[in-house]
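Below is one structure, written out as structure tokens; comments come after it.
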Amino acid sequence: MPRLLLCLLLLLSSQSIFGAQPGTRVVADFNQGWKFYLGDEASAKEVAFNDAAWRKLTLPHDWSIEGKFDEKNPAKPEGGGLPTGTGWYRKTFTLPATAGRNVFIEFDGVYKRSEMWLNGHSLGQRPNGYISFRYELTRYLQPAGKPNVLAVRVDNSAQPDSRWYTGSGIYRNVRLVTTHQVAVDEWGTFVSTPAVSAQTATVAVQTQLRNATGAPKTVTLQTVLLDQSGREVARQLTPGMKLANASATVSQKLTLKNPQLWSVAKPYLYRVKTTVLTDQKPEDEYETPLGIRTCEFAQTGFLLNGQPLRIQGVCQHHDLGALGAAVNVRAMERQLEILKTMGCNAIRTAHNPPAPELLDLCDRMGFLVLDEAFDMWQRKKNGQDYHLDFKQWHQRDLEDQIRRDRNHPSVFLWSIGNEIREQFDSTGTRLTRELTATVKRLDPTRPVTSALTEQEPAKNFISQASVLDLLSFNYKHAEYPKLPTSFPNQKFLATEIAAAFETRGHYDLPSDSMRIWPKDGKTKLTTGNPDFTASSYDNAAPYWGATHQAAWRAVKNSPFISGAFVWSGFDYLGEPLPYPWPARSSYFGVIDLAGFPKDAYYLYQSEWTTKPVLHLLPHWNWRPGQIVDVWAYYSQADEVELFLSGKSLGIKKKGADDLHVMWRVPYAPGTLQAISRKAGQTVLTSTVETAGPAAKIELTADRSKLRADAKDLSFITVRVLDAAGNLVPDAANLVKFSVSGPGFVAGVDNGYQASMESFKAPERKAYNGMCLAIIQTKEQAGAITVRAEAEGLEAASVMLSSTNMTVQTGNLTPRPPLPRRGGAKRQTARN
Ligand code: GAL
């Protein structure tokens, strides 16, 4: 992402921005010093408007997540049951002299229907809440040192507009960018690698230059490739280019000897440094990430750098649980770390362009990304959704997405839409051709697909367009075997599988009886659990979905399918199927909303990684004599033996198609122990003990050394334990948090999908023994102590340190410098 790699990053207050000597290009964080008002106030666009009483805040900001759950909120439970509405943001700032420079403001996403004014002048409107955009401010700016007023109206009042939680507000980052009048244009580079071998790689660089001087200019374009350590590895100079008073595109080719390839296992990143010079004086400097890799979809599967790679992906919505939609890089990084440990190697950005930082992280951490544009075209899924804007905006939105994201090595596939209703009528054919052509014009290097449901060619007007590079299907795994004959010579991908329901730590017996909730498209669910839970035995799914095991097994046994994206990686806010209110977040995640793995996590880990796995479930607190199914997910072993309080309950082995083993055990309190063995040798041991009464709190911080940048986070897992240290599997104690030092509670959660507690309160009830506190740093460095107390339990605390030094997070590769869906009725295209 250019701006992360660019030049100088200045932290802004509402005062000075560039310092005395502006560089060639200055990219400044513009998130601080905003005023916010929740409500509509037409005169707030006027400079003279008095915003003294408005709330001060720092972006990114999502006002919905701060609100109260209410069934009557117009976004409905499907939208997360939180408030939406209209809000205003204002920021007053001064700039030093900008003569001879162009000044832009860049937004990564505003949900939604934003409209902006600078010093009372309209800058424009942007309905799409997920798209990045910029406005040029230059001509409306006040002279140096005089205050400028930027006013932003955000209108998320027309509801319902989404099938999931969207958040409301300026929820992604904002930057102020100034350039000289001769500069690289917005998203003005396109790097690709038309020829790659172990010995050499050709790097093609297209650079779009902008000349806003009003007169022709002669410029030199210098492009330098830098390796991960910053060492120059290739360069090309294109001198004497005549730049008329407009923009022009320059093509260059560079050759790189012995390239280091980018892969999911070793995501090696180069950088392309672009310098624009006039009379040997640099006018602009701009950096673009570069990963050298080849991606190929074949009828026999996907190949990365010529090697077969099964796509082991998950679909992810954009919210960050208790933090709502407000972008936080560490929160996204944590999600990816958890997914990486599961063996996930690909993310589908369901169903919209992601925050650009997500792509930066995927480049750096080694994930493939299916970058998706739309959840609907002209035909709606909700009355107030993007179908209202599609006609006027889709071309522009799609172009902007492609131009923004096409340099990321992680992005390996574009999707022009998810379960689009035009699949069922001839407009689908026309629009598929149009949208695909738009993508190909801007990026001829990557394949284009669309997530489809209709597996009969005669009924599928999107596949009939015959322009998609591969056909991607959601669900209906039982029909996979027919695909190669229904669609001869095509390549396939499963864009959604499973959609199984699970509530962490909840188990419905017997484990081998399925809960199909709802059972079909006509019957309203009346049989769910009264406490709005779903079983973690992987035995609950809606009629269109399947268990994780059945779905993954089908993909595994279909070598012509390149891989799959599980619906979904994490639980997300909204779409609380199969339940009505007070359920308000999804049950589909392999990981709950708080980031705690559900049992299915270990199923995937046992299938998707080569490390030995042994995961035993459920907990061991039942009614005496109750028949309990004990499961183990395991890998890298031949067999598993189960013992109850030292007595063997037998050895089990997975059959060819099995993904777990099971013992049916009459419950007696004690210790359940599983031992996995390979060739008679113990590989792993896993134990679950009957827990006694809750006695104490245990706190575990995912990271204790933090950056004092007012953004960094520590995710603190709270476990309620008995006196012997066992997790109490039904503990629901109210845990109260207090923080001393330069940190604060940014959010709390427990992963329970029907909790009405606030995500922002400094307390949370444990759910099935666990909850989470998210601690955010401030700009001051210092020691932070987080204490957790609950009535009747021994309290606990954890020490964190927040410093001004750069702290490497996680186990990452080195960082370069740098429709109503309520009840049973589904309204999306499915038949
Ligand atoms: C799919 C849809 C997803 C989600 C999922 C739940 O049809 O594409 O957005 O709604 O169903 O099963």
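Predicted, not measured: the structure shown is a model, and the values here were computed from it. If you read the sequence from its start, that first residue is 1, and numbering goes on from there. For the numbers below, each heavy atom of this structure counts, side chains included, while hydrogens, waters and symmetry mates do not. We count ligands from 1, going down the list as the structure has it; atoms in each ligand are counted the same way.
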Review item, side-chain donor-acceptor pairs of residues 480-487, under 3.5 Å, at least two apart:
residue	atom	partner	partner atom	Å
Lys482	NZ	Glu479	OE1	2.7
Thr485	OG1	Lys482	O	3.0
Ser486	OG	Lys482	O	3.1

Handout entry: Contact with ligand 1 for Trp164, non-hydrogen, under 4.0 angstrom
Key = no
Fill in the blank from the handout: Looking at Arg348, His317, Glu496, the heavy atom closest to atom 11 (O) of ligand 1 belongs to Glu496
Exercise for the section: Please identify which atoms of ligand 1 are closer than 4.0 Å to at least one heavy atom of His351. Expected result: 3 (C), 8 (O), 9 (O)
Fill in the blank from the handout: One finds that the ligand 1 atoms under 4.0 Å from a non-hydrogen atom of Ala499 are 12 (O)
Practice task
Kindly assign one of parallel, tilted or perpendicular to the pair Trp63 and His61, based on the angle between their ring planes and the thresholds 30° and 60°.
Solution key: tilted
Handout entry: Shortest non-hydrogen contact between Pro356 and Arg404, atoms and distance
Key = CD-NH1, 3.4 Å
Practice task
Measure up the Tyr171 and Tyr111 rings against each other and bin them: parallel (under 30°), tilted (30 to 60°), perpendicular (over 60°).
Solution key: perpendicular
Exercise for the section: Mind checking whether Phe588 contacts ligand 1 via backbone (N, CA, C, O), side chain (CB onward), both or neither, at a 4.0 Å heavy-atom cut-off? Expected result: side chain
Practice task
Quick one: sort the Phe390 and Phe374 rings into parallel, tilted or perpendicular, breaks at 30° and 60°.
Solution key: perpendicular
